[in-house]
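Following: one structure in structure tokens, then a few remarks.
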Amino acid sequence: MSVRTTVQIDDALMARVRELVPPRGFNQFVNEALAARADAIERAHIEREMIEGYLATRDDRDALNADWEVVDTEGWPA
């Protein structure tokens, strides 16, 4: 399914696109460009959430590592 919509494109940008993309390939070009940009935005959002989650649990990890430190070094030469 597709949705018909109207967008305004800068004249200079449209001139560049017309040089690169054949008229019958314009829709596919726009769809691919929008998909690539949406993927990049989603990836950046996920990366931000992962960083926030990592930082939010840093204190918990430090405490957990301290609890297991005795076991981690057990049996190793001093």
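- Applying the side-chain hydrogen bond (donor to acceptor under 3.5 Å, both in side chains) test to pairs two or more places apart or on separate chains, none has a residue in residues 1-14.
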Per-pair distances, 0.1 Å, donor-acceptor, side chain in residues 38-50, under 3.5 Å, sequence neighbours excluded:
from : atom 1 : to  : atom 2 : distance (Å)
H45  : NE2    : E49 : OE2    : 2.9

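- Partners of V17 by side chain to side chain contact (heavy atoms under 4.5 Å, CB included), not counting sequence neighbours, listed by chain and number: L13, V21, F26, F29.
- Residues satisfying the side chain to side chain contact (heavy atoms under 4.5 Å, CB included) test with R24, not counting sequence neighbours, are none.
- Following chains of ILVMFWY side-chain contacts shorter than 4.5 Å, one cannot reach V3 starting from V7, and the two form parts of different hydrophobic clusters.
- Hydrophobic side-chain contacts under 4.5 Å tie Y54 into a cluster, directly or through other members, with I51, L55.
- Applying the 6.0 Å contact sphere to CZ of R58 captures no more than 12 heavy atoms from other residues, nucleotides or ligands.
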